[in-house]
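Beneath this line is the structure, given in structure tokens, with notes to follow.
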Amino acid sequence: QLQFVESGGGLVQPGGSLRLSCTTSTFSLDGYTVGWFRQAPGKGHDGVSCMSGSDDTTYYPDSVKGRFTISRDNAKGTVYLQMSSLKPEDTATYYCAATRRVTDVQQMCLAAGFSWGLGTQVTVSS
């Protein structure tokens with residue numbers, strides 16, 4: 001599992017868009033399964049977007065499907081999360097994780113035990 005520094009969060013109105021970035025000092029993310037997770041106030045970490053390290057297969061839970069898009073630049077060691085049509089229920093602290101241990105994207109978004117960074121706060125409110 002890699003340690004990431006997340007950025008790009010902020011306050012956005014409902015229906016708005018936001019692009020988050022996660023960066024690691026690792027030279028390349030090639031072969032790593034990556035994912036975005038969020039923690040709402042009083043709740044645990046829930047996977048919202050995960051991507052395979054082998055074939056770029058993605059997984060999105062129904063809560064974000066069609067609104068969130070995960071992408072990556074392996075050479076830059078960066079993972080992105082493009083969020084659109086944001087809703088108040090998207091309000092949370094967002095975190096990145098990467099591992100070679102989990103290869104199935106759905107299992108990645110259900111995984112636990114990551115070493116979370118500071119995350120980046122996303123607040124969706126009028």
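The figures here come from the full heavy-atom set of this structure, side chains too, leaving out hydrogens, waters and symmetry mates.
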- To the nearest 0.5 Å, tell me how far T78 OG1 sits from L29 CG. 7.5 Å

- Hey, what's the ring geometry for W116 with H45, parallel, tilted or perpendicular (30° and 60° as the breaks)? parallel

- The reported gap from OG1 in T24 to NZ in K76 (rounded to nearest 0.5 angstrom) is 15.0 Å

- Message: When you measure from the side chain of Q39 to the backbone of K43, do you find a donor-acceptor pair of N or O atoms at a distance under 3.5 Å?
- Response: yes

- Message: Return the CE to CH2 distance between M51 and W36, rounded to the nearest 0.5 Å.
- Response: 12.5 Å

- Query: Taking the side chain from T91 and the backbone from V124, do they hold a donor-acceptor pair closer than 3.5 Å?
  - Reply: yes

- Note on the structure: Minimal heavy-atom distance between Y60 and I70, with the atoms involved, is OH-N, 2.9 Å

- Task: Answer yes or no: is there an ion pair linking K87 with D90, defined by an N-O contact shorter than 4.0 Å?
- Result: no

- Query: What pairs of residues pass the ring-ring contact (aromatic ring centres under 6.0 Å, His included) test when at least one of them lies in residues 61-91, not counting sequence neighbours?
  - Reply: none

- Between Y32 and R100, is there a cation-pi geometry (under 6.0 Å to ring centre, at most 45° from the normal)? yes

- Check whether any side-chain N or O of T33 sits under 3.5 Å from a backbone N or O of V102 as a donor-acceptor pair, and report yes or no. yes

Contacts under 3.5 angstrom, residues 4-16 side chains, donor-acceptor by atom type, not counting sequence neighbours:
unit_1, atom_1, unit_2, atom_2, d
E6, OE1, G119, N, 3.0
E6, OE2, C96, N, 2.9

